[in-house]
Amino acid sequence: MLPIDAAAHSSRWRRRHPCEKAFLGFGLTLCAVCLPPWPGAVLVAAATLAVLLGPAGVAPRQLWRAFRIPLGFCVTGAVPLLFQVGGAGGFVTPAPDGPLHAAQLLLRTSAASLGVLLFAFTTPVSDVLPRLVRAGVPAPVVDVALVMYRISFLLLDTMARIRQAQAARLGLTTRAATWRSLAGLGATAFVRAFDRATRLQSGLAGRGYDGTLRVLVPRTAPSRRFLGAAGALLAGLVALTLVLERLLP
């Protein structure tokens, strides 16, 4: 199981309805995208961090380990804005407003990523997928997603075991041995994937699979108090951004 998925299963908000957490997390993401980068995205990022580390109970180390990957994509996307191609100065020259645009993009994307992580750290995928059928998503699509979600963890566990076995047999001592081990890992994982899929299909057929996976979903109702507090937070961020935008240069 991935660390972020394990954290979602042990979250303080594990028993809350996914709609509540989706309203808060994606609402913060929408605010980060729509509001001005300064001071809107900064306020959204600060509020999201406060919720993640406070009421949601996410450990700072877990948050950083999950956030550094999307942060790398945010930085990679902002760097090209520092340069322009063509012009009188040469083929590649610094853009006149490059640092400003890069900083604005970095603020927006970082704050939006934190909003998505808020939903991911508090809502397991197994709580979301079965409810998509009620939202109008075709049942076969949800069934395929559930099966792929299950198989992905099985394959990750298999690859970790193969990697440990290769390391124990000195398969990672040199560069050439590492490449041979990597090729063997890919080939073995490819074969195991088909084997796992065949065994899963046989298991479902033996249990009377009729085209629909029936999963027990905990009965929870959205909390009006939580939704009201989330709406007040979003409205407060919008109002505070508009006020500070007039006061700050």
Side-chain angles (χ1 to χ4, degrees), residues 1-12 14 25 49 52-53 56-80 82-83 102 105-106 109-110 112-130 132 140-207 209 213 215:
M1 184 176 291
L2 297 177
I4 191 170
D5 199 73
H9 279 278
S10 59
S11 172
R12 296 177 184 174
R14 171 69 169 80
L49 284 174
L52 279 166
L53 302 177
V58 179
R61 186 173 182 179
Q62 287 181 330
L63 178 59
W64 168 245
R65 290 182 62 183
F67 180 60
R68 63 185 180 183
I69 297 177
L71 181 61
F73 284 99
C74 296
V75 174
T76 304
V79 168
L82 298 174
F83 307 96
L105 179 63
L106 184 60
T109 53
S110 300
S113 300
L114 286 174
V116 176
L117 286 178
L118 174 61
F119 181 76
F121 264 108
T122 55
T123 311
V125 178
S126 57
D127 286 354
V128 179
L129 291 179
L132 293 180
V141 176
V142 176
D143 291 346
V144 171
L146 283 171
V147 172
M148 294 303 299
Y149 177 71
R150 172 62 177 168
I151 289 180
S152 62
F153 287 109
L154 294 175
L155 291 180
L156 287 174
D157 180 68
T158 300
M159 293 176 64
R161 292 172 182 266
I162 296 174
R163 196 67 171 174
Q164 290 178 356
Q166 291 175 342
R169 290 169 174 80
L170 304 180
L172 306 176
T173 53
T174 62
R175 181 177 298 180
T178 300
W179 281 108
R180 285 195 299 268
S181 298
L182 185 61
L185 175 63
T188 305
F190 182 78
V191 175
R192 293 283 181 88
F194 281 92
D195 179 64
R196 291 282 188 179
T198 303
R199 292 166 60 184
L200 181 60
Q201 182 180 5
S202 301
L204 291 174
R207 291 168 174 81
Y209 177 66
L213 291 175
V215 181

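Computed from a predicted model, the values in this text were never measured in an experiment. In what follows, residues are counted from 1 in the order of the sequence shown.
We find the CG-OG1 distance between Leu118 and Thr123 to be 8.0 Å, quoted to the nearest 0.5 Å. Rounding to the nearest 0.5 Å gives a distance of 12.0 Å between CG of Leu185 and OG1 of Thr178. To the nearest 0.5 Å, atoms CG (Leu172) and CD (Gln166) are separated by 6.5 Å.
Sorted by first and then second residue, the salt bridge (Lys or Arg N to Asp or Glu O under 4.0 Å) pairs with a member in residues 165-187 form an empty list; sequence neighbours excluded. The salt bridge (Lys or Arg N to Asp or Glu O under 4.0 Å) pairs that include a residue from residues 157-168 are Asp157-Arg161, where partners are two or more places apart or lie in different chains. Applying the salt bridge (Lys or Arg N to Asp or Glu O under 4.0 Å) test to residues at least two apart or on different chains, none of the pairs has a partner in residues 64-80.
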Could you list the donor-acceptor pairs under 3.5 angstrom formed by side chains in residues 188-195, with sequence neighbours left out?
unit_1: Thr188; atom_1: OG1; unit_2: Gly184; atom_2: O; d: 2.8

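Listed by chain and number, the residues in a side chain to side chain contact (heavy atoms under 4.5 Å, CB included) with Ser152 amount to none (sequence neighbours excluded). For the side chain to side chain contact (heavy atoms under 4.5 Å, CB included) test, residues two or more places apart in sequence or in another chain that qualify with Ala66 are Ile4, Leu117, Phe121. Partners of Pro70 under the side chain to side chain contact (heavy atoms under 4.5 Å, CB included) rule, at least two apart in sequence or in another chain, are Phe67, Ser113. A search for ring-ring contact (aromatic ring centres under 6.0 Å, His included) contacts involving Phe83 returns nothing, not counting sequence neighbours. Every residue meeting the side chain to side chain contact (heavy atoms under 4.5 Å, CB included) condition with Ala112, not counting sequence neighbours, appears here in chain and number order: Thr29, Ala32, Val33.
What you find for Ser11 and Ala56 is that their closest heavy atoms are OG-O, 3.8 Å. Looking at every heavy atom in both residues, Cys74 comes nearest to Ser110 through SG-N, 3.9 Å.
Between the side chain of Ser181 and the backbone N or O of Ala177, at least one donor-acceptor pair lies under 3.5 Å.
Checking Leu105, Leu106, Thr109 one by one against Val75, the side-chain contact (heavy atoms from CB on, under 4.5 Å) holds for a single residue, Leu106.
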